[in-house]
Amino acid sequence: AADLDAGRFEPRCPSCRSELVPGLVTEDAPVDPRNVYAATKLAQEHLAAAWTRATGGRAVALRYHNVYGPGMPRDTPYAGVASFFRSALARGESPRVFEDGGQRRDFVHVRDVATANVTALAALRERGPGSFDAYNTGSGVPYTIGEMAWALASAHGGPAPVVTGEYRLGDVRHVTADSRRLREELGWKPATDFVTGMREFATEPLRGAG
């Protein structure tokens, strides 16, 4: 918290205090949920895996990263930061970017998430009883929160984002997925690139906007 208050947003090595280099997270990375949302998502996977072992059923979990696209709800923080910024633009307000805007995320288009669901369900038919698998579902190309805010605002026609320096305890600085396993094992591939997707999302009506 002291670093955040001082505007030092990049995490450092707890031993030598050198700056860390962010990388892509695989499905096999050690789990360490830092907030209630993350803990409940992990608990859902544990429950699904326990169910498959107890019943001989089959289950698959798709670990969605930052989903965005047409049909997102308006004026709710629960649909992700892209929806939050898009709602601000619809009200004629600037997207408010926390920290310094350098937080890395993986923004994946909702149509690509839909095809990932279909692909995973089709593959599930071929799995044996008692099987459970988890797959990261992301574009594979990280962008920062600041870059996303500027892309949306530019395509929407303004107003420009405002970097506030504020922060929320429990937010992870960088969250980017390695989705190679989903691509290599199931043959899924995202089709909508960041620039095209954000340009579309910037002008699409939001659900609940009237």
Do R63 and T137 pass the side chain to side chain contact (heavy atoms under 4.5 Å, CB included) test, and can you show the C-alpha distance, the side-chain angles, and the key distance before you say yes or no?
CA-CA 5 Å; R63 297 174 177 175; T137 308; 5.6 Å; no
When every non-hydrogen atom of A149 is compared with those of P95, the smallest separation belongs to CB-CB, 4.4 Å
Which pairs pass salt bridge (charged side-chain N to carboxylate O under 4.0 Å, His left out) with one or both residues in residues 135-148, sequence neighbours excluded?
none
L4 versus L169: any side-chain heavy-atom pair under 4.5 Å?
yes
Under a 4.5 Å side-chain heavy-atom rule over Ile, Leu, Val, Met, Phe, Trp and Tyr, are V25 and V141 clustered together?
no
Listing request: all side chain to side chain donor-acceptor pair (under 3.5 Å) pairs with a residue in residues 150-162, at least two apart in sequence or in separate chains.
none
Would you say R58's side chain and L124's backbone share a donor-acceptor pair under 3.5 angstrom?
yes
hydrophobic_cluster_shared for Y143 and V175, side chain cutoff 4.5 Å:
no
With sequence neighbours excluded, what pairs up with D5 under the side-chain hydrogen bond (donor to acceptor under 3.5 Å, both in side chains) test?
Y167
Donor-acceptor pairs are to be reported for all side-chain atoms of residues 190-200 against protein atoms at under 3.5 Å, with residues two or more places apart or in another chain.
unit_1, atom_1, unit_2, atom_2, d
D193, OD1, V195, N, 3.2
D193, OD1, T196, N, 3.0
D193, OD1, T196, OG1, 3.2
D193, OD2, T196, OG1, 2.9
E200, OE1, H109, NE2, 2.9
E200, OE1, R111, NH2, 3.3
E200, OE2, R111, NH1, 3.1

Co-membership, hydrophobic cluster, residues V67 and L152, 4.5 Å side-chain
no
Does a side-chain heavy-atom distance below 4.5 Å link I145 with V81?
yes
Return the set of residues passing side-chain hydrogen bond (donor to acceptor under 3.5 Å, both in side chains) with D106 (not counting sequence neighbours), or none when no residue passes.
S139
Among side-chain atoms of Y64 and N117, is any donor-acceptor pair under 3.5 angstrom?
yes
Is any side-chain heavy atom of F201 closer than 4.5 Å to one of L206?
yes
Any donor-acceptor pair under 3.5 Å from T176 side chain to G23 backbone
yes
Quick check: do S18 and C13 have side-chain heavy atoms less than 4.5 Å from each other?
yes
Heavy-atom donor-acceptor pair, T164 side chain to R96 backbone, under 3.5 Å:
no
Name all residues meeting the side-chain contact (heavy atoms from CB on, under 4.5 Å) criterion together with K41; count only those two or more places apart in sequence or in a different chain, and write none if there are none.
Y37, Q44
Output the distance between atom CZ (R8) and atom CD (E19), rounded to the nearest 0.5 Å.
12.0 Å
In chain order, what residues pass the salt bridge (charged side-chain N to carboxylate O under 4.0 Å, His left out) check against E184, with sequence neighbours excluded?
none
Taking all heavy atoms of A38 and all of R34, pick out the closest pair and write down the distance.
CB-N, 4.3 Å
So, the side chain of R207 versus the backbone of G71: is there a donor-acceptor pair under 3.5 Å, distance only?
yes
Roughly how far apart are L89 CG and T203 OG1, rounded to 0.5 Å?
11.5 Å
Below 3.5 Å, can you tabulate the donor-acceptor pairs from side chains in residues 127-135 to any protein atom, sequence neighbours excluded?
unit_1, atom_1, unit_2, atom_2, d
R127, NH1, D133, OD2, 2.2
R127, NH2, Y135, OH, 2.7
S131, OG, G128, O, 3.0
D133, OD1, R181, NH2, 3.0
Y135, OH, E185, OE1, 2.9

N136 side chain to A177 backbone, donor-acceptor under 3.5 Å:
no
Applying salt bridge (charged side-chain N to carboxylate O under 4.0 Å, His left out) to E99 and not counting sequence neighbours gives R173
Distance-only, no hydrogens or angles: does the T115 side chain make a donor-acceptor pair with backbone N or O of D112 under 3.5 Å?
yes
Y68 reachable from V97 in the ILVMFWY side-chain graph, under 4.5 Å edges
yes
Are N66 and V108 close enough that some pair of their side-chain heavy atoms sits under 4.5 Å apart?
no
Quick check: does any side chain N or O of D100 sit under 3.5 Å from a backbone N or O of G7, one acting as donor and the other as acceptor?
no
Excluding sequence neighbours, so at least two apart, what forms salt bridge (charged side-chain N to carboxylate O under 4.0 Å, His left out) with E204?
none
Can you list everything that forms a side-chain hydrogen bond (donor to acceptor under 3.5 Å, both in side chains) with R17? Sequence neighbours excluded, please.
D3
Can you list the residues that meet the side-chain hydrogen bond (donor to acceptor under 3.5 Å, both in side chains) rule with H174, with sequence neighbours excluded?
E10
Flag, side chain of T144 to backbone of R104, donor-acceptor distance under 3.5 Å
no
Given side chains that start at C-beta, do those of W188 and V118 come closer than 4.5 Å, heavy atoms only?
no
Determine whether a donor-acceptor pair (N or O, by modelled atom type, separation under 3.5 Å) exists between the side chain of R86 and the backbone of A202.
yes
Sub-4.5 Å side-chain heavy-atom contact between F98 and Q103:
yes
Heavy-atom pair of closest approach, residues A88 and S94:
CB-O, 4.1 Å
Do V110 and P70 have side-chain heavy atoms sitting under 4.5 Å apart?
yes
Out of curiosity, K189 NZ to L186 CG, how far, rounded to the nearest 0.5 Å?
15.5 Å
Can you confirm whether R125 is buried at CZ, in the sense that more than 12 heavy atoms of other residues, nucleotides or ligands lie under 6.0 Å from that atom?
no
